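Reading through the structure tokens given below for one structure.
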Amino acid sequence: MYPPTVNQTKKENEPKTLVFDGSILQHESNIPSQFIWPDHERPSAELPEFQVPPIDLKGIFSGDPLAVSTACRLVNEACKKHGFFLVTNHGVDSRLIAKAHEYMDDFFGMQLSEKQQAQRKIGDHCGYASSFTGRFSSKLPWKETLSFRYCASLHSPKIVEGYVVNVMGEDFRPFGRVYQEYCEAMSTLSLCIMELLGMSIGVGPKYFRDFFEENDSIMRLNYYPPCQKPNETLGTGPHCDPTSLTILHQDQVGGLQVYVDEKWHSISPNLDALVVNIGDTFMALSNGIYKSCLHRAVVNNRAVRKSLAFFLCPSRDKVITPPRSLINAEHPRTYPDFIWPTLLEFTQKHYRADMKTLDAFSNWHQPNHKGIQENKNNDFELSVTR
Ligand SMILES: C=C1C[C@]23C[C@H]1CC[C@H]2[C@]1(C)CCC[C@@](C)(C(=O)O)[C@H]1[C@@H]3C(=O)O
Ligand SMILES: O=C(O)CCC(=O)C(=O)O
Ligand SMILES: [Fe+2]
């Protein structure tokens with residue numbers, strides 16, 4: 001049913017994989033060509049700032065009817081238009097967030113050889129990766145990442161802590177504990193936001209929440225070293241997250257940009273706020289009514305930038321299908337039914353996630369799906385002929 005996995009291994013006559021050592025490359029003015037993005041995708045110097053009203057969750061937690069109706073209206077407007085919003089008074093302990101950022105400095109400040117103890121394997125999404133030099137051949141992101149799998153199911157208690165100790169050793173247990181606690185806080189907040197999304201679109205608090213009670217999510221630490229050519233590179237290229245919902249905390253350096261009204265806008269740092277954006281899987285769950293947010297991250301030539309991204313994903317066996325009440329003449333079925341592991345595998349083995357992932361996946365998953373063309377410029381050479 002599925003095409004053979006794209007050939008991931010480098011052939012012997014192919015150039016040796018470039019090694020991205022941020023501690024060295026951050027001082028280089030001669031940037032390797034693999035990191036240089038085409039003119040039309042490069043960041044522009046001056047950008048309009050996007051004024052987005054933060055949604056105060058304090059009233060939601062207390063069940064204040066006026067606060068709930070205001071939040072539903074703001075969320076509905078934002079998600080129909082561009083797919084992101086900010087939340088404040090979110091209930092996540094600021095000391096936990098600060099600790100998570102501190103531990104990132106410790107980990108990414110280590111020697112490359114030490115970080116590579118947690119090296120991410122080809123086709124897997126967990127572990128340490130330095131700009132995916134072994135995975136993509138061009139438009140490489142200027143970043144190092146460390147990703148964990150988080151499971152809310154009671155069958156996988158302390159999965160993050162256990163993974164960290166397993167790959168990095170017992171000395172890293174406090175490190176693992178902080179991210180275990182951080183993921184638990186993100187999972188709890190995600191369920192509250194899923195209820196809000198359900199009420200805002202008119203299907204009630206339960207329908208969406210039920211997909212994520214036992215979520216099987218991804219936690220990603222993004223570490224962006226300074227770059228001497230910040231207008232020719234990108235920390236993370238333009239994309240929509242293939243996942244369901246992303247809760248992101250960016251540090252005070254700033255660099256997150258979202259695409260709204262045909263223009264890129266910068267999102268100013270706010271240490272007390274969390275950025276929430278709709279991903280492809282939730283766009284499918286909402287039958288295309290709520291939009292997957294197109295965004296990217298730029299780098300700078302003076303300071304390291306860090307962000308903590310929690311990618312909410314449904315239980316592996318849940319079939320992603322919108323509620324019948326969201327399917328009508330104005331909104332016919334837009335995407336096929338699928339399970340998240342299939343879309344995840346598509347992004348890890350066949351298609352570099354970008355702004356057209358869900359369209360490409362729909363076409364690949366259900367070839368007779370009308371009018372959808374995969375992105376020919378994608379990095380993976382799709383081994384399938386259709
Ligand atoms: C399921 C995922 C794939 C990526 C991490 C999560 C959600 C976001 C995806 C990603 C960040 C989108 C841009 C391209 C990407 C390759 C990256 O720059 O990291 C994507 C992640 C990935 O495939 O590792
Ligand atoms: O670092 C950021 O601000 C954005 C990162 C991002 O979009 C991602 O990791 O999916
Ligand atoms: Fe993203």
Side-chain angles (χ1 to χ4, degrees), residues 8 20 35 37 41 43 83-84 86 101 104 120-150 216-225 233-259 264-270 273-282 292-300 304-314 340-358 361 375 378-380:
Q8 284 286 322
F20 179 80
F35 292 95
W37 287 66
E41 292 190 86
F84 91 97
L86 298 179
H101 276 281
M104 275 184 77
R120 170 174 171 161
K121 310 280 183 293
I122 286 283
D124 192 355
H125 63 276
C126 294
Y128 171 74
S130 56
S131 92
F132 306 131
T133 48
R135 191 172 158 202
F136 306 130
S137 51
S138 66
K139 301 199 287 186
L140 294 182
W142 192 269
K143 67 179 174 185
E144 298 174 58
T145 60
L146 180 62
S147 304
F148 311 116
R149 179 182 179 194
Y150 169 76
D216 190 337
S217 299
I218 301 168
M219 178 71 214
R220 171 166 283 193
L221 315 181
N222 289 308
Y223 187 85
Y224 302 98
T233 54
L234 282 172
T236 297
H239 70 281
C240 299
D241 296 335
T243 43
S244 292
L245 190 79
T246 305
I247 302 180
L248 184 124
H249 186 270
Q250 61 168 337
D251 67 12
Q252 75 290 349
V253 173
L256 174 61
Q257 299 182 350
V258 294
Y259 196 72
W264 287 103
H265 295 73
S266 60
I267 302 300
S268 295
N270 173 350
L274 291 167
V275 181
V276 180
N277 67 258
I278 301 291
D280 289 342
T281 301
F282 191 86
S292 189
C293 172
L294 177 53
H295 57 289
R296 70 184 185 185
V298 298
V299 290
N300 68 78
V304 166
R305 176 177 177 263
K306 303 194 300 294
S307 69
L308 295 154
F310 179 80
F311 298 111
L312 182 71
C313 307
W340 163 242
T342 311
L343 176 52
L344 176 60
E345 181 182 26
F346 183 66
T347 67
Q348 299 307 297
K349 296 182 178 173
H350 303 286
Y351 190 93
R352 175 178 182 173
D354 58 16
M355 60 193 82
K356 298 188 172 72
T357 310
L358 193 54
F361 173 70
N375 181 336
N378 201 270
D379 222 292
F380 288 113

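Since this is a predicted model, take the numbers as computed values, not measurements. Whatever order the structure lists them in is the order used to number ligands and atoms, beginning at 1.
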Polar proximity ligand 1 side, [X] side, N/O cut 3.5 Å exclusive:
X: R135; value: yes
X: R220; value: yes
X: R120; value: yes

Could you check which of K143, Q348, H239, R352 puts a non-hydrogen atom nearest to atom 17 (C) of ligand 1?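 When every heavy atom of K143, Q348, H239, R352 is considered, K143 comes closest to atom 17 (C) of ligand 1.
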Nearest neighbour of atom 4 (C) of ligand 2 from the list L248, I218, T243, on a heavy-atom basis: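 Among L248, I218, T243, the closest heavy atom to atom 4 (C) of ligand 2 comes from L248.
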Which segment of T246 sits under 4.0 Å of ligand 1 when only heavy atoms are counted: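 It is neither part, as no heavy atom is under 4.0 Å.
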Under 4.0 Å, heavy atoms only, figure out whether ligand 1 is touched by the backbone of H295, its side chain, both or neither.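 Neither part.
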Do [X] and [Y] make a side-chain contact, defined as non-hydrogen atoms from C-beta onward lying under 4.5 Å apart?
X: Q250; Y: R305; result: yes
X: T145; Y: F132; result: yes
X: L308; Y: L221; result: yes
X: F361; Y: T342; result: yes
X: L245; Y: V276; result: yes
X: F35; Y: S131; result: yes
X: T357; Y: H239; result: no
X: Q348; Y: R120; result: yes

To check your reading of the model: name the closest protein heavy atom to [atom], its residue, and the distance in Å.
atom: atom 5 (C) of ligand 2; value: Y224 OH, 3.4 Å
atom: atom 9 (C) of ligand 1; value: P242 CD, 3.9 Å
atom: atom 9 (O) of ligand 2; value: N222 ND2, 3.1 Å
atom: atom 3 (O) of ligand 2; value: R305 NH2, 2.6 Å

Applying a heavy-atom cut-off of 4.0 Å, say which part of D241 lies close to ligand 2: side chain, backbone, both or neither.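 For D241, only side-chain atoms sit under 4.0 Å from ligand 2.
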Record the part of R296 in heavy-atom contact with ligand 2 below 4.0 Å; permitted values are side chain, backbone, both and neither.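 The answer is neither.
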Taking C313's backbone N and O only, do any of them form a donor-acceptor pair with S217's side chain (distance below 3.5 Å, no angle check)?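 Confirmed, S217 side chain pairs with C313 backbone.
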Donor-acceptor pair, D241 side chain versus G279 backbone, under 3.5 Å?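 Not a single qualifying donor-acceptor pair exists.
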Mark up the atoms of ligand 2 that fall under 4.0 Å of a heavy atom belonging to [X], in ascending order.
X: H295; answer: 7 (O)
X: F311; answer: 8 (C), 9 (O), 10 (O)
X: H239; answer: 6 (C), 7 (O), 8 (C), 10 (O)

Suppose I only count heavy atoms of [X] and a 4.0 Å limit; which atoms of ligand 1 are within that range?
X: D241; value: 8 (C)
X: L344; value: 1 (C)
X: A353; value: 12 (C), 13 (C), 14 (C)
X: F136; value: 16 (C)

Indicate if the distance from the Fe ion (ligand 3) to the nearest N, O or S atom of C293 falls below 2.8 Å.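 Short answer: no, not a single N, O or S atom is under the cut-off.
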C240 N/O/S atom closer than 2.8 Å to the Fe ion (ligand 3):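 Coordinating: no.
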Could you point out which residue of M104, H249, Q252 forms a side chain to side chain contact (heavy atoms under 4.5 Å, CB included) with K306?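 Option passing the side chain to side chain contact (heavy atoms under 4.5 Å, CB included) with K306: M104.
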Any nitrogen or oxygen of T236, side chain or backbone, less than 3.5 Å from one on ligand 2?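 By distance alone, the answer is no.
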Polar contacts were defined as any N/O atom of the residue lying under 3.5 Å from an N/O atom of the ligand; does this apply to R220 and ligand 2?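 No - when backbone and side-chain N and O of R220 are compared with those of ligand 2, no distance drops under 3.5 Å.
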Would L358 and F346 satisfy side-chain contact (heavy atoms from CB on, under 4.5 Å), going step by step from the backbone distance to the final call? CA-CA 10 Å; L358 193 54; F346 183 66; over 6 Å; no
Give a yes/no on ligand 1: does M355 have at least one heavy atom closer than 4.0 angstrom to it?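 It does not; every heavy atom stays at 4.0 Å or beyond.
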How long is the gap from [atom1] on [X] to [atom2] on [Y], to the nearest 0.5 Å?
X: S138; Y: L140; atom1: OG; atom2: CG; value: 7.0 Å
X: R220; Y: C126; atom1: CZ; atom2: SG; value: 10.0 Å
X: T246; Y: L248; atom1: OG1; atom2: CG; value: 7.5 Å
X: Y351; Y: L343; atom1: OH; atom2: CG; value: 11.5 Å

Test side-chain contact (heavy atoms from CB on, under 4.5 Å) on N300 and Y224 and set out the steps. CA-CA 9 Å; N300 68 78; Y224 302 98; over 6 Å; no
Would you name the N/O/S atom of D241 that lies closest to the Fe ion (ligand 3)?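 Result: OD1.
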At a 4.0 Å cut-off, with the gap strictly under it, does some heavy atom of K143 reach an atom of ligand 2?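 It does not; every heavy atom stays at 4.0 Å or beyond.
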Using non-hydrogen atoms of the residue, decide whether Q250 is closer than 4.0 angstrom to ligand 2.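 Contact check Q250 vs ligand 2: negative.
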Heavy-atom protein neighbour under 4.0 angstrom from atom 15 (C) of ligand 1: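 Protein heavy atoms within 4.0 Å of atom 15 (C) of ligand 1 - there are none.
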